[in-house]
Amino acid sequence: MVEIELDGKKVEVAPGSMVMHAAEKAGTYIPHFCYHKKLSIAANCRMCLVEVEKAPKPMPACATPVTQGMIVRTKSDKAIKAQQSVMEFLLINHPLDCPICDQGGECQLQDLAVGYGGTGSRYEEEKRVVPHKDVGPLISMEEMTRCIHCTRCVRFGQEMAGVMELGMVNRGEHSEITTVIGDTVDSELSGNMIDLCPVGALTSKPFRYSARTWELSRRKSVSPHDSTGANLIVQVKNHKVMRVVPFENEAVNECWIADRDRFSYEALNSDERLTQPMLKQGGEWKTVDWQTALEYVANGLKQIREQHGAQSIGALVSPHSTLEELFLTGQLLRGMGSDNIDWRLRHAQFNAAEGVRWLGTSIESLSDLQATLVVGSNLRKDHPLFAQRIRQATKKGAQVFALNSQVYDWAMPVTASVVAAQDWAQALADIAAAVAQAKGVQAPVTAQTNAEAEAIAQALLSGERTSILLGNAAAHHAHAAQLLSLANWIGTHTGATVGYLTEAANTVGAQWVQAQPQVGGLNAAQMVAGGLKAVMLLNNEPALDSAAGQQALQGLNKSEMVVTLSPFKANLEISDVLLPIAPFSETSGTFVNAEGRVQSFHAVVKPLAETRPAWKVLRVLANLLGVPGFNYESSQDVLAVAIGTGVAAVPASALSNATQTAAQVMGGAVAEPAVASIYQLDSIVRRATSLQLTADARQAQVGGAA
């Protein structure tokens with residue numbers, strides 16, 4: 001460790017640290033714009049100038065390495081005058097339009113100008129003007145005259161997102177930040193540039209001019225989309241979600257969120273929201289009160305149970321639903337005598353599982369992998385924040401290998417991409433054979449080694465921190481169990497962790513509360529094919545969320561009654577009843593992310609119109625049906641029964657990526673697995689207007705890979 005003196009206090013930091021790091025450790029604030037703890041050091045704003053003893057002039061704290069015995073003064077006259085001079089230069093060309101700036105009230109430049117700016121300007125020449133740019137539906141670059149060239153946005157794209165979409169062109173007073181690859185900013189993490197911008201140059205296009213920062217209430221929540229479980233701050237005005245930004249959690253999402261976490265809130269305020277219960281009568285939808293709708297459902301379920309038996313009733317549930325909703329749906333069905341509940345709508349294979357499928361390691365550890373094999377995933381689009389962590393690992397020398405049906409652009413160095421059409425099991429078997437050959441053991445199946453397989457085997461064998469990650473396409477594959485079995489064999493003999501990236505916000509939670517058949521009930525494919533007389537659809541649209549696609553509508557139309565519980569006007573062509581339930585922002589609940597972390601959250605706004613939390617709807621419905629054990633007063637009561645109280649993670653004994661299927665069952669080519677594109681993942685992102693205008697969404701709409 002290196003010891004320095006900072007403002008009279010002794011501070012110890014690691015060798016190679018900068019003065020800024022020592023100041024952070026000591027709790028001393030040094031004003032800055034370009035420095036950010038997650039980005040490389042640029043030292044181009046010069047706001048962090050400090051006095052270093054024996055140095056001839058003030059030095060930038062962010063770019064000055066510490067040395068033993070160094071004496072630093074951050075609040076001396078010399079340091080303060082240097083900082084004031086820099087502020088004067090920064091304000092020379094800055095437009096003084098704070099009253100109309102979207103960043104007003106949360107602007108670093110505005111805050112620091114109060115402390116370090118002058119009361120007047122000595123600059124009398126004309127201020128420079130930078131033309132605005134249209135870079136897509138998410139980021140507004142209308143006010144680039146405000147840019148102070150800190151280059152945070154440039155470095156974020158280059159270092160975190162992996163795509164340098166913005167860059168600085170020209171020199172001197174003609175310098176400006178602009179797009180350097182194309183005309184738009186299309187990264188799936190682009191919204192983080194808005195948070196990083198210390199002035200009002202980059203702002204949120206959907207949020208622009210809709211509220212002032214001091215009018216907003218800030219409430220914590222958890223993302224309902226992919227399996228990261230990103231922590232959010234939801235900003236609210238007049239019981240309406242106005243903006244979503246990240247809440248820093250180093251172990252989960254660091255200080256970033258994906259664009260679908262940030263901008264999907266638009267759907268919560270859309271015209272497609274279902275605000276009152278509706279019944280289909282004579283082919284027409286009519287609005288009714290809750291009592292009428294619930295009695296209609298209860299009477300219909302009772303009648304179908306009497307005529308066809310309890311096994312004719314089932315539920316298709318979304319893994320984006322809360323733990324409480326999934327548990328109560330299962331409890332309701334089983335209380336009626338049915339085991340027909342399933343969350344695996346996109347799956348093609350339904351083998352009995354042992355334990356709970358999960359990531360197999362911590363999310364944080366992805367940043368430190370030395371080698372990883374990703375099977376069946378468009379990693380960058382399916383799991384943007386996991387991809388970002390693995391991208392950081394590659395900067396430390398990690399080798400990344402991919403096994404897919406095509407080569408994807410992950411915006412990171414990929415050592416080798418194995419394109420195996422649909423015969424992924426054979427490709428994995430080849431890798432297993434290479435491992436067996438290197439270890440001198442018997443291979444699990446007969447296979448031929450090749451150069452690619454041997455390279456992957458060698459990388460997994462040579463690293464201490466290695467993993468095999470099965471993506472959404474591997475989980476939904478018709479030979480999913482064989483893929484897992486082979487991956488487990490390779491993991492056992494190489495020391496690599498094996499796990500699923502897991503598709504949805506609550507894929508792990510759905511398994512944990514047994515929202516799938518336990519004693520011989522129908523699986524999702526059988527239910528979608530028309531195996532039921534009464535179907536409950538919780539938070540999903542089978543035509544878009546199931547492997548059957550549009551054919552699901554034909555199968556479900558065979559049912560006598562279809563009940564949709566959704567925040568949106570969904571499944572209109574097949575449903576008989578629509579019950580408006582609260583999205584994540586209007587209900588309390590719990591999500592369990594890919595690593596098994598249990599994260600509960602509260603409602604951030606009150607339910608819209610006649611919308612009700614799904615757990616309350618299920619409780620009342622159970623009471624009308626006479627199902628015992630539904631005397632819950634809060635979602636916390638449901639959680640306590642579902643998993644116990646005070647639980648922060650799924651117990652290790654429950655987590656398992658084991659499989660009962662022998663790897664010897666090889667398959668050959670099968671149909672392409674059903675995988676949702678980045679902005680078609682769930683009912684909320686599908687209705688977020690700005691996300692549907694992005695390049696990724698447009699590409700998916702014309703049949704491209706998302």
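Computed from heavy atoms alone, side chains included, the values below leave out hydrogens, waters and symmetry copies. In this chain, residues are counted from 1 in sequence order.
With respect to K37 and E248, a salt bridge is recorded, a charged nitrogen being found less than 4.0 Å from a carboxylate O. Between R122 and E88, at least one side-chain N (NZ, or NE/NH1/NH2) sits under 4.0 Å from a carboxylate O, which counts as a salt bridge. Classification of R389 and D368 as a salt-bridged pair fails, no side-chain N sitting under 4.0 Å from a carboxylate O. Classification of D696 and K381 as a salt-bridged pair holds, one side-chain N sitting under 4.0 Å from a carboxylate O. Salt bridge annotation for E3-K25: absent, with no cationic side-chain nitrogen under 4.0 angstrom from a carboxylate oxygen. With respect to the salt-bridge test (charged N to carboxylate O, under 4.0 angstrom), the residues R73 and E53 qualify. Ion pair E176/K133 flagged as a salt bridge, since at least one NZ, NE, NH1 or NH2 atom sits closer than 4.0 Å to an Asp/Glu carboxylate oxygen.
For the 3.5 Å distance criterion, the side chains of Y265 and Q235 fail to qualify, holding no donor opposite an acceptor. Side-chain atoms of T502 and S227 include a donor-acceptor pair closer than 3.5 Å.
Cation-pi geometry between R243 and F207 is satisfied (NZ or CZ under 6.0 Å from the ring centre, within 45° of the ring normal).
Remark: the backbone N or O of V604 is paired with a side-chain donor or acceptor of R219 at under 3.5 angstrom.
Residues satisfying the ring-ring contact (aromatic ring centres under 6.0 Å, His included) criterion with W358, sequence neighbours excluded, are absent altogether.
Sequence neighbours left out, the pairs with a member in residues 368-404 that pass ring-ring contact (aromatic ring centres under 6.0 Å, His included) are H383-F386.
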